[in-house]
2 protein chains.
Amino acid sequence: MRIGQLARSVGVDTQTIRFYERQGLLPPPDRQENGYRVYNEKHGERLAFIRRCRILDLSLAEIHELQRHQDDPHQSCTAVNALLDDHISHVRSQIAALQALEKQLVSLRASCNDDREVEACGVLAGISEGSIHPQQAEASTR
Amino acid sequence: MRIGQLARSVGVDTQTIRFYERQGLLPPPDRQENGYRVYNEKHGERLAFIRRCRILDLSLAEIHELQRHQDDPHQSCTAVNALLDDHISHVRSQIAALQALEKQLVSLRASCNDDREVEACGVLAGISEGSIHPQQAEASTR
DNA sequence: TTAAAACTATATAGTCGCTATAAGGTCAAT
DNA sequence: ATTGACCTTATAGCGACTATATAGTTTTAA
Ligand SMILES: [Zn+2]
Ligand SMILES: [Zn+2]
Ligand SMILES: [Zn+2]
Ligand SMILES: [Zn+2]
């Protein structure tokens, strides 16, 4: 199986596959005489695993760590579960930060209707005043 | 006022101020004979405006557009309000995507307790199976 | 058979909003 | 005279790709 076929089967770009290889997430496959990469089923499974982790918004570093644990199958899975717990709490604090942000934005928006000159725009005035305060800065983290 | 003092007064790094200048968000200030930047109050207000926009998670491009409107004060503010509406809906779809993600993660986490070998870890098994589906991909957008 | 299309390879730069580092010039105080 | 705090520019790094450039290879079709 060459790179294009693998890419299509998993639904990623070929560049992404090479990128994961450079990052050490996907083991370097054998090469044909012409230098083309040749993949087997293991590679396909590994790649699909990575993609499913990415759908869960796990970082490449987190995926790396999961792989380390997978390769040591008789250890306790406590660390794996803990990794997921941490990830869940990251997601939750992102949600909280975004909800607080939404609140600020909605109240800002409420301070203007559409029939004003820019000069009198409630939105611009609201930003220009000091009534906006920094949050946990978790919304922008990532 | 030199760059360090301005930076301290607004709570940013001097690098950030030079960065905004390069991006065209902050007008190039006058220079002393030795090349040092000299800022006035207008610069301070402009910079504070940028920072408050950033707290609201507006992109530099969006801030740029707001500035264009500010510099044309007798136009209608409809576009400003619309920009904010768009931004609010971006934030809302990010929240929705993250909430869906949280749900997936929590259910995945529920499939394992801490007393297993990695081999039998419900979390890893859950990821390895095909039961994970892509979302709107809004959580990772940004 | 040959030419075009489709595929593969590497290397490099761009995205976003900073942040960090390097290597140097300027200024005040000791 | 030297330390230290400040300023300058230029360059690289973050994360997770994505895009482009350039070139070599294989497959398909005229
Ligand atoms: Zn995480
Ligand atoms: Zn308005
Ligand atoms: Zn926006
Ligand atoms: Zn487990």
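Values below: all heavy atoms of this structure, side chains included; hydrogens, waters and symmetry mates excluded. What you see is a predicted model; the values in this text were computed from it and never measured. Letters A, B, ... mirror the listed sequences (proteins, then strands); counts begin at 1.
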### Query
What nucleotide, of C/dT8, D/dC7, C/dA11, holds the atom closest to the side chain of A/Gln15?
C/dA11
### Query
Can you find a side chain N or O atom of B/Thr16 that sits less than 4.0 Å from OP1 or OP2 on C/dT19?
yes
### Task
Step by step, work out the salt bridge (charged side-chain N to carboxylate O under 4.0 Å, His left out) result for A/Asp57 and A/Arg51.
CA-CA 9 Å; A/Asp57 215 19; A/Arg51 290 312 303 184; over 6 Å; no
### Task
Classify the nucleic acid contact of B/Arg18 as base, sugar-phosphate or nothing, counting any heavy atom under 4.0 Å across all strands shown.
base
### Nearest-neighbour nucleotide for the A/Ser59 side chain, D/dA16, C/dC7, C/dC18 considered
D/dA16
### Message
Heavy atoms only, 4.0 Å cut-off, all strands: where does B/Arg31 land among base, sugar-phosphate and nothing?
### Response
sugar-phosphate
### Query
Taking the side chain of B/Asn34 as heavy atoms from C-beta outward, which of D/dA16, C/dC27, C/dA9 is closest to it?
C/dC27
### Query
Could you state the CD1-P distance from B/Ile17 to D/dC7, rounded to the nearest angstrom?
9 Å
### Message
The test is side-chain contact (heavy atoms from CB on, under 4.5 Å); show your working for B/Leu66 and B/Cys53 and say whether it passes.
### Response
CA-CA 10 Å; B/Leu66 287 183; B/Cys53 287; 4.0 Å; yes
### Query
Ion pair present between B/Glu129 and A/Arg52, side-chain N to carboxylate O less than 4.0 angstrom?
no
### Any A/Arg37 side-chain nitrogen or oxygen under 4.0 Å from OP1 or OP2 of C/dA9
yes
### Query
Which one, D/dC6, D/dT26, C/dA9, comes nearest to the side chain of A/Arg2?
D/dT26
#### Entry: Residues A/Lys42, A/Asp30: salt bridge by 4.0 Å N-O rule
no
### Query
Rounded to whole angstrom units, what separation is found between the CD atom of A/Glu21 and the C1' atom of C/dA11?
15 Å
### Query
Expressed in angstrom and rounded to an integer, what is the separation of A/Ile3 atom CD1 from D/dG24 atom P?
20 Å
### Task
Classify the side chain of B/Tyr20 and the base of C/dG17 as holding, or not holding, a donor-acceptor pair under 3.5 Å.
no
### Query
Any link between B/Val12 and B/Leu58 through a network of hydrophobic side chains (Ile, Leu, Val, Met, Phe, Trp, Tyr) touching at under 4.5 Å?
yes
### Query
Among C/dG25, D/dT18, D/dG24, which nucleotide sits nearest the side chain of A/Tyr36?
D/dG24
### N or O in side chain of A/Arg51 less than 4.0 angstrom from D/dC17 OP1/OP2
yes
#### Entry: Whole angstrom value for the distance that separates P of C/dA9 from OH of A/Tyr39
7 Å
### Message
If you assign each of B/Arg22 and B/Gln5 to its closest nucleotide in DNA chain D, which residue comes earlier from the 5' end?
### Response
B/Gln5
